[in-house]
Structures are given as C-alpha cells and as structure tokens.
**Student:** 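I'd like to ask some things about the structure below.
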Amino acid sequence: MAIQEVLPYMRRQRWGRIVNISSAVAADGYVGGATYGAAKAALHGLTRSLAKELAPEGILTNVVMPALTLTENVRQSMPEIVEQVAKVSPIRHVPSPEEVASVIVFVASAVNTTINGDVIRVSGGATA
C-alpha cells in the first residue's frame, strides 16, 4: 500500500497529507456495486483510524469522495445519465475532473491545517 511506503518519510518530517480517493458508491450504494462500495467504505474506516493515529505527528488523513465525474469516458459512454444527474444537481452540472482535483489539491496542501479524518463529498450537492 502506498501509505506504508510514504509513512516513514512523513513521520521523519513530522508533516504529511494522506488523501484517499473514494466514491459516492461507498455512501449511496449502486446496483451491482456491492463489492466496490464495500471496499470504498472500508477505505473510509482506514482513513478515520489513521487520522486519529497520525495527527499528533503532523500528518492529516482524509478521503475525497467524488460522485459521478464528467470524465471523457463518462461523457462518451453515458450521456443520458450525465444529463439526468445534471438536471437534479443543485449546481446543474456534473463535476469535472478538474473540479474534483482542486479539492484534492487543497486537502493535500499545507493550507489545510485542520481537516482531518473527514470524508469530503464532491458532488455539487447531488446525492442518491
């Protein structure tokens, strides 16, 4: 696991940011996605435990949990679903990869000094 590889360096520096990437399927479920959702939900538990364990060493650990994201593959393979999700989303669009990435960059940065052990949903306010 990547966390095991970087943790010794972060501990020596007494600083670090771990950002795990999940999916809204972990919280909302999805037909045919039980195993995937369970794995992502387990990532939430791992993150919360590491957050408590590592924060005293200056290492913050969080999850960014995107919902449907408007990747090129999603745009081409399921345009009708993108349209449906955009209609019910409070922001009236499906978040782009860049919008998700900006949240990850912030949480991983030195500007973040207090967000720890949290699951940050990036969905534009849309939920299942």
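The shown structure was predicted, so the numbers you read here are calculated from the model rather than taken from an experiment.
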**Student:** Does the side chain of Ser109 come within less than 4.5 Å of Arg17's, by heavy atoms?
**Tutor:** no

**Student:** Using a 4.5 Å cut-off on heavy atoms from C-beta on, say whether the side chain of Leu54 contacts that of Ile18.
**Tutor:**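 Yes, at least one pair of side-chain atoms sits under 4.5 Å.
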
**Student:** Would you say Asn116's side chain and Thr61's backbone share a donor-acceptor pair under 3.5 angstrom?
**Tutor:**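 Checked: pair present.
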
**Student:** If you link ILVMFWY side chains whenever their heavy atoms are less than 4.5 Å apart, which other residues fall into the same cluster as Val107? By chain and number, please.
**Tutor:** Val19, Ile21, Val64, Val100, Val103, Ile104, Phe106, Val111, Ile115, Ile120, Val122

**Student:** Taking it one step at a time, do Glu57 and Leu7 satisfy side-chain contact (heavy atoms from CB on, under 4.5 Å)?
**Tutor:** CA-CA 11 Å; Glu57 299 179 67; Leu7 204 48; over 6 Å; no

**Student:** Is a side-chain donor or acceptor of Arg48 paired with a backbone partner of Val119 at a separation under 3.5 angstrom?
**Tutor:** no

**Student:** In this structure, would Val88 and Ile81 fall into the same cluster of hydrophobic residues linked by side-chain contacts under 4.5 Å?
**Tutor:** no

**Student:** So which atom in Ala41 and which in Ala26 form the shortest heavy-atom distance, rounded to 0.1 Å?
**Tutor:**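 For Ala41 and Ala26, the tightest heavy-atom pair comes out as N-CB, 3.6 Å.
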
**Student:** Please tell me if the side chains of Glu99 and His93 come closer than 4.5 Å, counting only heavy atoms from C-beta onward.
**Tutor:** yes

**Student:** Nearest 0.5 Å, please: how far is CE in Met65 from CG in Asn20?
**Tutor:**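 That separation rounds to 13.0 Å.
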
**Student:** Does Asp118 reach the main-chain N or O of Asn62 with its side chain, forming a donor-acceptor pair under 3.5 Å?
**Tutor:**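 Between the backbone of Asn62 and the side chain of Asp118 there is no qualifying donor-acceptor contact (under 3.5 Å).
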
**Student:** Quick one: closest heavy-atom pair of Ala108 and Trp15, and the distance?
**Tutor:** O-CH2, 4.0 Å

**Student:** Please tell me whether Val63 and Ile3 are part of a single hydrophobic cluster in this structure, the criterion being side-chain heavy atoms less than 4.5 Å apart.
**Tutor:** no

**Student:** Mind checking what makes salt bridge (Lys or Arg N to Asp or Glu O under 4.0 Å) contact with Arg75, not counting sequence neighbours?
**Tutor:**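 Result, salt bridge (Lys or Arg N to Asp or Glu O under 4.0 Å) vs Arg75: Glu72.
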
**Student:** Could you state whether Val6 and Leu50 fall into the same hydrophobic cluster, counting links through intermediate Ile, Leu, Val, Met, Phe, Trp or Tyr residues with side-chain heavy atoms under 4.5 angstrom apart?
**Tutor:**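 Yes; tracing contacts between hydrophobic side chains, which count when under 4.5 Å, links both residues.
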
**Student:** Considering all heavy atoms of both residues, which atom of Glu5 and which atom of Pro8 are nearest to each other, and what is their separation?
**Tutor:**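 Glu5 and Pro8 have their closest heavy atoms at O-CD, 3.6 Å.
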
**Student:** Does the Ser89 side chain pair with the main chain of Val85, one donor and one acceptor, at a distance under 3.5 Å?
**Tutor:**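 Absent.
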
**Student:** Measuring from atom NE2 of His44 to atom OG of Ser23, what distance do you get when rounded to the nearest 0.5 angstrom?
**Tutor:** 8.0 Å

**Student:** Distance-only, no hydrogens or angles: does the Thr71 side chain make a donor-acceptor pair with backbone N or O of Val74 under 3.5 Å?
**Tutor:** yes

**Student:** Restricting to non-hydrogen atoms, name the atom on Gly125 and the atom on Pro90 that form the minimum distance, rounded to 0.1 Å.
**Tutor:** C-CD, 3.7 Å

**Student:** Has Thr69 got a side-chain atom pairing as donor or acceptor with Ala67's backbone, closer than 3.5 angstrom?
**Tutor:** yes

**Student:** Looking at every non-hydrogen atom in both residues, tell me the closest pair between Val25 and Gly37 and how far apart they are.
**Tutor:**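 Taking every non-hydrogen atom into account, CG1-CA, 3.7 Å.
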
**Student:** Please examine the side chains of Leu60 and Thr114, heavy atoms only from C-beta on, and report whether any two atoms are closer than 4.5 Å.
**Tutor:**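 A side-chain contact under 4.5 Å is absent here.
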
**Student:** Looking only at non-hydrogen atoms, find the nearest pair between Arg121 and Ala24 and report the distance.
**Tutor:** NH1-CB, 4.0 Å

**Student:** First locate atom CG of Leu68, then atom OG of Ser123, and finally report the distance between them rounded to the nearest 0.5 Å.
**Tutor:**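 Going from the CG atom of Leu68 to the OG atom of Ser123 covers 10.5 Å.
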
